[in-house]
Amino acid sequence: MDLLLLEKTLLGLFAATLLAITVSKLRGKRFKLPPGPIPVPVFGNWLQVGDDLNHRNLTELAKKFGQILLLRMGQRNLVVVSSPNLAKDVLHTQGVEFGSRTRNVNRFGWEDEAGRVVEDVRKNPDAATNGMVLRRRLQLMMYNNMYRIMFDRRFESEEDPLFVKLRALNGERSRLAQSFEYNYGDFIPVLRPFLRGYLKVCQDVKERRLKLFKDYFVDERKKLGSRKSMDSNGKCAMDHILDAQNKGEINEDNVLYIVENINVAGNSIF
């Protein structure tokens with residue numbers, strides 16, 4: 001009986017795999033989806049590509065399936081573009097279709113931060129001889145762009161103690177978000193019950209980040225009150241958020257989570 005049950009189970013899995021492949025092929029033809037590795041039920045291409053979608057792995061996939069390919073990661077579809085011309089078509093030529101934006105009122109602050117980067121590079125004696133790594137300086141620029149808009153404040157250098165602390169907490173969050181535990185729970189919801197230890201660590205990091213935002217940014221802005229800023233209305237974003245809290249439209253927890261989400265969105269590039 002055990003062998004019969006095993007045989008039926010294997011036949012069932014084989015039939016399910018064939019059905020998934022057939023449905024995937026038909027769906028791809030119907031919606032004109034890009035080519036890609038054949039997915040398996042539930043996991044999609046997860047078992048084939050693993051947990052490391054770095055540029056080298058994506059380059060190898062592009063060599064096999066073309067400059068635009070589709071990866072099914074659990075319940076999500078990812079489209080990978082590996083050609084400069086296609087990237088230009090997606091991000092520039094058809095940029096309106098993928099996400100149009102109105103003229104940015106904060107562009108003067110951005111231009112100022114970019115100018116400061118250029119000036120710092122000019123002052124660095126190695127820039128014209130041995131070269132220099134710009135990543136950390138550009139990271140500081142991105143933080144300053146976001147925090148000038150949000151709080152009308154900036155970090156003076158990469159050694160600024162608050163900047164170092166904030167960057168470390170953001171880095172810890174990014175590491176957790178990119179771990180295998182997070183990914184299999186995010187892409188395959190049925191496995192989330194096995195993430196209790198991981199979620200406890202995430203909760204601790206989140207609480208420390210929210211406390212930092214509250215102590216150094218939200219509460220500090222409350223003390224300063226509304227004053228002239230780079231915003232066209234004379235207020236930074238935090239002033240508008242606090243106004244909404246004072247009117248009873250949102251509560252203190254909402255304020256912190258808004259700040260948290262904007263911080264994540266603004267610094268996700270790094």
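As a basis for the values below, the full set of heavy atoms in this structure was taken, side chains included, without hydrogen atoms, waters or symmetry mates. Just so we're clear, the structure is a prediction, and the values are computed from it rather than from any experiment.
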### Summary
Distance col, row Leu134:CG vs Leu140:CG, nearest 0.5 angstrom, shows 12.0 Å

### Query
Which atom names give the shortest non-hydrogen contact between Asn144 and Phe155, and what distance separates them?
OD1-N, 2.6 Å

### Query
Does the pair Lys206/Glu260 count as a salt bridge with the N-to-O cut at 4.0 Å?
no

### Message
Assess the residue pair Glu172 and Arg209 against the criterion (salt bridge (charged side-chain N to carboxylate O under 4.0 Å, His left out)); give the C-alpha distance rounded to whole Å, side-chain angles, the decisive distance to 0.1 Å, and a yes or no.
### Response
CA-CA 10 Å; Glu172 195 170 353; Arg209 281 161 55 86; over 6 Å; no

### Summary
Heavy-atom closest pair (Pro34 atom, Leu70 atom, distance to 0.1 Å) is O-CB, 3.6 Å

### Task
Might you point out which heavy atoms bring Ile250 and Ile241 nearest each other, and give the distance in Å?
CD1-O, 3.6 Å

### Query
Does a side-chain N-to-carboxylate-O contact under 4.0 Å join Lys235 and Asp152?
no

### Task
Please check if the side chain of Asn261 supplies one atom and the backbone of Tyr257 the other of a donor-acceptor pair under 3.5 Å.
yes

### Task
Determine, step by step, whether Asp120 and Arg116 satisfy the salt bridge (charged side-chain N to carboxylate O under 4.0 Å, His left out) criterion, reporting the C-alpha distance in whole Å, the side-chain angles of both residues, the deciding distance to 0.1 Å, and the verdict.
CA-CA 6 Å; Asp120 286 348; Arg116 291 172 185 260; over 6 Å; no

### Message
To check you understand the geometry: which heavy-atom pair defines the closest contact between Asn145 and Gly109, and what is its length?
### Response
OD1-O, 4.0 Å

### Task
May I ask you to check whether Tyr143 and Asn170 show a side-chain donor-acceptor distance below 3.5 Å?
yes

### Over 12 non-hydrogen atoms of neighbours within 6.0 angstrom of OH in Tyr216
no

### Task
Give the C-alpha distance, both sets of side-chain angles, the deciding distance and a yes or no for salt bridge (charged side-chain N to carboxylate O under 4.0 Å, His left out) between Lys214 and Glu252.
CA-CA 10 Å; Lys214 182 179 185 301; Glu252 185 174 2; 3.8 Å; yes

### Message
Donor-acceptor pair, distance only, cut-off 3.5 Å: does the side chain of Asn45 make one with the backbone of Met73?
### Response
no

### Query
Looking just at side-chain N and O atoms, do Glu249 and Gln245 make a donor-acceptor pair shorter than 3.5 Å?
no

### Message
Test of understanding: clusters of I, L, V, M, F, W, Y form through side-chain heavy atoms closer than 4.5 Å, transitively. Do Leu166 and Val164 belong to the same one?
### Response
no

### Steps toward salt bridge (charged side-chain N to carboxylate O under 4.0 Å, His left out) verdict (Lys223, Glu220)
CA-CA 5 Å; Lys223 294 176 183 177; Glu220 285 297 315; 3.6 Å; yes

### Query
Looking at Thr129 and Pro125, what are the two nearest heavy atoms and their distance?
OG1-O, 3.4 Å

### Query
Any sub-3.5 Å donor-acceptor pair from Asp239's side-chain atoms to Cys236's backbone N or O?
yes

